[in-house]
Amino acid sequence: MTARSTLRTARSRTARRPALAATALLSAFLLAACSSDVPQDTPGAPSGSSGSGDAQETDAAETEFFEEDEYQRQLALAQETPEGPADRPWEQMLSPELVSTEEYAADTADGVHLCFSNAGVFNPWRQVGLTTMEAEVAQHEEITDFTVLDAEGQDDKQISDIQDLSNRDCDLLIVSPNTTATLTPAIEDACTRLPVVVFDRGVTTDCPVTFIHPVGGYAYGAAAADFLVDEVEPGGSVLALRISPGVDVLEHRWAAAERALEEGGLDVVGVEFTEGDPATTKSIVTDAIQRNGGIDGVWMDSGATAVAAIEAFEDAGEDVPPITGEDQRDFLEAWRDGGLTAIAPGYPTFQWRTPVIAALRILAGEEVPSEWVLPQPVITEENRDDYLTGDMPPLHYGLCGCEDLPGYPQDWGGQ
């Protein structure tokens with residue numbers, strides 16, 4: 001994907017090259033830290049490894065990021081039945097508080113020009129997401145222009161991108177911020193010029209018309225930990241594999257999991273940072289097996305290296321214990337083919353469809369939620385095979401909600 005992509009007619013985009021060839025996904029995976037590289041207040045959160053110093057750093061991060069009220073809210077939201085069409089989770093809402101958008105209603109007789117400032121496409125999750133968003137755009141004939149600027153994971157570039165787009169003839173600006181605090185002033189400035197929709201990653205201002213996101217990290221972490229509490233005998237050993245400290249939603253995932261594992265009577269024998277690297281993951285798991293004489297369960301705050309963890313047990317001649325992963329294709333296949341005991345909490349890529357839908361509703365003057373909370377499905381043994389349809393590449397994400405979109409499966413790298 002080039003830094004700038006301008007589409008002059010939505011329908012012409014069906015001829016795009018496949019966006020997610022397996023080889024490109026694999027290359028991106030090796031550079032990625034986690035599925036979404038979720039929001040953080042400083043770019044490039046520090047990586048780490050196990051040890052007393054890291055334990056102190058993690059404790060400090062939990063104190064900084066953990067909010068009891070939000071924790072309880074997310075656990076409650078995860079149990080709610082969403083409003084909206086049952087077969088279109090990207091249009092569903094949890095406990096929505098609708099706001100008027102009449103002030104943004106526009107004459108769209110000559111077409112709609114949507115603009116998107118993207119944090120980047122620096123990992124497979126974001127590549128799947130952008131392809132899904134572009135395909136959603138292609139469904140709407142009224143969208144005649146769709147301008148995308150790619151910040152390439154750089155705050156300074158995204159600030160410049162937002163300023164650029166704010167001064168064009170965009171009818172509405174969609175933003176997925178690279179980081180939280182640093183991008184907030186640029187988004188606040190953009191809000192004075194045109195309606196803004198923020199999704200995936202948040203900012204510390206309520207000026208966007210809506211903020212779109214799944215339930216959140218606490219719900220993700222708790223779902224995975226509760227599964228291990230059910231599957232592992234009390235007193236069993238659990239290895240926690242994390243990406244890096246200091247990233248808010250990852251801290252939320254671990255804070256919720258740590259509480260559930262402790263309350264469930266499980267023994268966390270290691271909290272290790274993998275940096276999202278498969279080789280590092282295998283080494284950590286191998287060392288933990290040797291050090292503890294085996295491991296009874298594995299909890300992960302992101303499933304990108306789940307297959308590497310599985311391979312470590314297999315290489316050691318050990319049965320793979322109950323393990324948590326994500327909706328990445330290679331993990332779902334390893335789970336199915338190996339008859340594993342597993343679960344995959346999701347951070348769904350179908351959320352990339354929602355900003356386009358929200359934008360059109362806003363420009364039509366229709367109500368939208370001030371905070372559009374999407375459902376956050378959990379893949380279990382019972383529904384896993386529903387997400388293994390088609391011949392898709394290893395790093396495809398099953399919760400893309402893209403199967404009904406034009407160009408599927410080829411544009412996602414499938415056959």
Side-chain angles (χ1 to χ4, degrees), residues 1-13 16 19-20 36-37 39 90 104 106 108 111-123 125-140 142-155 157-179 183-184 186-191 193-203 207-213 349-363 368 372 374 400-402 405-407 411:
M1 179 82 186
T2 59
R4 174 179 174 180
S5 169
T6 303
L7 304 175
R8 287 301 168 191
T9 56
R11 280 182 277 179
S12 70
R13 301 175 59 260
R16 294 178 64 248
L20 287 177
S36 63
D37 265 343
W90 50 90
Y104 304 114
T108 59
V112 171
H113 182 190
L114 289 187
C115 294
F116 176 35
S117 171
N118 189 14
V121 286
F122 37 72
N123 62 41
W125 186 90
R126 301 193 70 83
Q127 293 180 27
V128 171
L130 182 59
T131 302
T132 300
M133 176 183 276
E134 291 177 336
E136 177 66 38
V137 167
Q139 292 198 118
H140 301 280
E142 64 268 41
I143 303 176
T144 51
D145 299 86
F146 183 46
T147 302
V148 179
L149 298 186
D150 186 337
E152 301 171 2
Q154 303 172 41
D155 282 348
K157 186 176 187 310
Q158 188 163 35
I159 290 170
S160 176
D161 289 347
I162 291 172
Q163 292 171 341
D164 180 358
L165 293 171
S166 298
N167 290 312
R168 299 196 191 189
D169 61 345
C170 305
D171 292 306
L172 183 143
L173 175 63
I174 298 169
V175 183
S176 176
N178 189 53
T179 61
L183 270 297
T184 295
I187 288 173
E188 287 181 321
D189 182 64
C191 287
R193 303 169 188 270
L194 75 172
V196 176
V197 169
V198 170
F199 83 102
D200 173 30
R201 307 164 168 197
V203 286
C207 79
V209 183
T210 185
F211 170 37
I212 298 164
H213 63 92
T349 43
F350 64 60
Q351 68 185 278
W352 289 69
R353 299 184 67 166
T354 314
V356 178
I357 294 166
L360 294 177
R361 292 183 184 181
I362 291 166
L363 293 174
V368 298
W372 192 324
L374 296 164
C400 69
C402 55
L405 287 169
D411 284 358

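Heavy atoms only: backbone and side chains are in, while hydrogens, waters and symmetry mates are out. Numbers for residues simply follow the sequence, beginning at 1. Remember, predicted model here, so these are calculated numbers, not experimental data.
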Search all heavy atoms of [X] against all heavy atoms of [Y] and return the closest pair with its distance.
| X | Y | answer |
| --- | --- | --- |
| G111 | D171 | O-OD2, 4.0 Å |
| P406 | D411 | O-OD2, 4.4 Å |
| V356 | I174 | N-CD1, 4.3 Å |
| N178 | Q158 | N-OE1, 2.7 Å |
| P208 | C191 | N-SG, 3.7 Å |
| V368 | A358 | CG1-O, 4.3 Å |

Check the orientation of W125 and W352. Use parallel for under 30°, tilted for 30 to 60°, and perpendicular for over 60°. perpendicular
How about [X] and [Y]: do any of their side-chain heavy atoms sit closer than 4.5 Å?
| X | Y | result |
| --- | --- | --- |
| L374 | H213 | no |
| M133 | F146 | yes |
| V198 | I187 | yes |

Atom [atom1] of [X] and atom [atom2] of [Y]: how far apart are they, to the nearest 0.5 Å?
| X | Y | atom1 | atom2 | result |
| --- | --- | --- | --- | --- |
| L183 | S176 | CG | OG | 9.5 Å |
| D189 | T184 | CG | OG1 | 12.5 Å |
| D164 | T147 | CG | OG1 | 9.5 Å |
| D150 | K157 | CG | NZ | 6.5 Å |
| C115 | L172 | SG | CG | 8.5 Å |
| F350 | T132 | CZ | OG1 | 11.0 Å |

Applying the side chain to side chain contact (heavy atoms under 4.5 Å, CB included) criterion to V197, which one of L173, T210, L114 satisfies it? T210
Test side chain to side chain donor-acceptor pair (under 3.5 Å) applied to D155 and T179, step by step: CA-CA 7 Å; D155 282 348; T179 61; 2.9 Å; yes
Inspect the contact between D200 and R126 and indicate whether a charged nitrogen and a carboxylate oxygen are less than 4.0 angstrom apart.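 Salt bridge between R126 and D200, a charged N being under 4.0 Å from a carboxylate O: yes.
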